[in-house]
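Worksheet: the structure to be examined is printed underneath.
Order of listing sets the numbers, starting from 1, for every ligand and every atom in it. This is a predicted model, so every value here is computed, not measured.
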Amino acid sequence: MVLKKFPLLLSILLLALPVIGQQQSNSKPKPRVIVVGVNGMELDIIRPLLLKGLMPNLSSVIERGAYGKLRTVSAPNCPRVYSTLFTSTNPEEHGVTGFIVGGITANTNMLKEEPVWSMLSKSGITVGMANVPATFPVMPVNGYMISGMLTRGKNCEDGVLCAPKLSEVMGGDAVYPKSMQAELLKNVGDFYIDCERMPAAADLKGHETELIDKWLGKVQLIREQQTKLFDYLLTTHPTEFTFLAQSCEDRTGHWLYPITPFNVGYNPSINGVRIDAFPDQYVAFDKVLGSILKHVDENTYLIIFSDHGIKPLREFEEKDPHAHMDHEKTTPVIAKHDFADGDDVPGSFFAMGPGIKHDLRLMGLGASVYDVAPTLLHIYGIEQPKQMRGRILTEIFENADNRVAAKQ
Ligand SMILES: [Zn+2]
């Protein structure tokens, strides 16, 4: 369906661009929005780090904006929730119900509802996206798109929870426009897309500390490459709407969550080794955020969100052998998020920018992943299409009636 829509989108863009150029010269510039997705950011882990002063950049965003829990869908996982967030429709409607759909790795050809970046592109907003989950193969936008989680390639043939290098991507394009790939390889390097695969239980046995340290080293390498990529894009290819995402935090949590001996699945030779490994991911994320914040001025909206949280396994999973393995694979998982009750693992939401309230805490689960796309459209003064199930998060704005910056 989307494939059919996109030639239309391109022709609309080609027709509209000269007109938009003229309009821009004698009207106010469009709002600038940077969205940062953090896969599985867990507030239970974040809060002690904020108190310890280990996340100064996120603390500054909280002081200058609004934040709280973000209600997610049931049995949340990355492709399922991100696609819900892109389209503000439920998983059965948009079609990307999980990592694997009908035996095939989830991909953008399955997306049955129009994503927000397409709507923004059609409205003449310049769009830049990097490493956002479930965006492979990339789709045409009014700007650029570099795919994220579920990108397939060498040593990552099924694309599920592994990391191909940009030059080794297979089965579709990871970069739009295609010509940008050579530029990225030259100026950023042959970076990994998405995060390292988790080691298997059999490989870990007897080599736990060595393998954990090696894995964490690779995670940090990927993060450094990603930081360089984000900084390069924000410097060299600034766009009105930019959507960046990280995914290593969540994967670390799945097998290195700081659990205690009474927790389900506790194995001292793994879980007693690097107990700060998971919290450390957020300390490292805060540094990435610091480099993004250098590109955020007082006229820029910054939205940080996570698609779900992550919690240690529960009492009802003690007897379920599948609960201990990641996506039916081989990693000994001790924390997860695809609980049937999504309210057990809410995501989180942080927003700051022109007209957004300061130091506002959102209570309860009033804000949901369905609300992000309508709120983004609101910032650009674009009417919410009928199929969207979410609402504009008016409570975060100083003036709820304000039909936004774009129309002032
Ligand atoms: Zn996960």
Discussion item. Taking the side chain as everything from C-beta on, heavy atoms only, tell me whether Lys69 gets closer than 4.5 Å to Leu362.
Written reply: no

Item to complete: Could you tell me whether any N, O or S atom belonging to His337 is less than 2.8 Å from the Zn ion (ligand 1)?
Response: yes

Worksheet item: Is it true that Asp344 and Arg314 have a side-chain N and a carboxylate O under 4.0 angstrom from each other?
Response: yes

Worksheet item: Within less than 2.8 Å of the Zn ion (ligand 1), any N, O or S from His308?
Response: no

Discussion item. If I take every N, O or S atom of Asp338, is at least one of them less than 2.8 Å from the Zn ion (ligand 1)?
Written reply: no

Fill in: The single option from Arg197, Arg251, Arg274 passing side-chain contact (heavy atoms from CB on, under 4.5 Å) against Trp215
Arg251

Item to complete: May I ask you to decide whether Arg223 forms a salt bridge with Glu249, counting only side-chain N to carboxylate O separations under 4.0 Å?
Response: yes

Worksheet entry | Considering only N, O or S atoms of Asp250, the one closest to the Zn ion (ligand 1) | OD2

